[in-house]
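Below: the structure, in structure tokens.
Note that ligands are numbered from 1 as they come in the structure, with each ligand's atoms numbered from 1 the same way.
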Amino acid sequence: NRLSQERKQWSLSDFEIGRALGKGNFGQVYLAREKQSGFVVALKVLYKKALADSKVERQLRREVEIQGNLRHPNILRLYGYFHDETRVFLILELAAKGELYKELQAQKKFPEEVAARYVAQMANALLYLHGKRVIHRDIKPENLLLGLKGELKIGDFGWSVKTGVTESRRRKTLCGTLDYLPPEIVEGRSHNEKVDLWSLGILLYEMLCGNPPFEEEDSYETTYRRIIHVDLRIPDHVSKEASDLIKKLLVYKSVERLPLRSVILHPFVTKHVQQAKRASSSSSSSSTR
Ligand SMILES: Cc1nn(C)cc1-c1nc2c(-c3cnn(Cc4ccccc4)c3)c(Cl)cnc2[nH]1
């Protein structure tokens, strides 16, 4: 479509702006339609002043550079960007069913087969990302969106990096929530793509239990201590397969975390996700009878 023409210089007048879809730290996201093609997108508006004050311009440039070059069904497309005097605009794929964390808040927790499907989709997206030497570093419900068929889409690359870039500076995240950060980051040690395996384990725990495993009401230090001691308590309602996968991802030593290919083949995933596939194949065989 016209949107993916890389060279095109976009401007606000190319779009009809619809309702606000959500808001984040530095701006809002609006429903928008490109006038020529009628193509509907999500237009993320970020205020330059807010970006400058928080010194995140470099991070935004990296986000655009990385996300702009990615093509995967479980990663939100970034079609292009433009800016005016006061704002930066990102032209993003519209995720028809909105933000995952709102689903999770509404339902408190997901059934195991739903969580298993999301874990399989995340693992496939991370396999693709790591294959391109990109670490996401910020996998959490707030950064995940849902497509038309309820498929998961990673929607925010604000903290992603291409590996090989030495992250000497301690990240500014330490002012945000620690809940999803692995020991090597909270301890300020060097880290690699295996940080995303830890976050995948946190995500699975939160989807099944309704809260992240090391969360402590407003006590930063306690969360910090629980993370570095991997002080993990898994409720009895969690199946043994799910519990096994969580324990194999939330491992202190990053090299010992279950690799993505093994996550996709883990019984917790194959028990549910293959089931969905078998169900569809059985329905197609019945139709031939
Ligand atoms: C559809 C829909 N229904 N509802 C209720 C929401 C959606 C929807 N939202 C999106 C969104 C979307 C919206 N907010 N956010 C969070 C945000 C906002 C600003 C800066 C950083 C992060 C993402 C996107 Cl990007 C992409 N697609 C989206 N679709």
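Pairs passing the salt bridge (Lys or Arg N to Asp or Glu O under 4.0 Å) check and including a residue from residues 78-92, sequence neighbours excluded, read Asp84-Arg87. Residue pairs satisfying the ring-ring contact (aromatic ring centres under 6.0 Å, His included) criterion with at least one member in residues 89-108, sequence neighbours excluded, are listed as follows: Phe82-Phe89.
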Using residues 199-213 as the side-chain source, report each donor-acceptor pair under 3.5 Å to any protein atom, sequence neighbours left out, with the distance given to one decimal.
unit_1	atom_1	unit_2	atom_2	d
Ser199	OG	Tyr180	O	3.3
Ser199	OG	Val195	O	3.2
Tyr205	OH	Arg233	O	2.7
Glu206	OE1	Tyr180	OH	2.4

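When ring centroids are compared, Tyr47 and Phe26 stay outside the 6.0 Å threshold.
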Nitrogen or oxygen contacts under 3.5 Å, ligand 1 side and protein side:
unit_1	atom_1	unit_2	atom_2	d
ligand 1	27 (N)	Ala95	N	2.9
ligand 1	29 (N)	Ala95	O	2.8

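The side-chain tip of Lys8 points at the ring of Trp10 from less than 6.0 angstrom away and within 45° of straight on.
Under the 3.5 Å distance criterion, with hydrogens and angles disregarded, no donor-acceptor pair is assigned to the side chains of Asn74 and Asn124.
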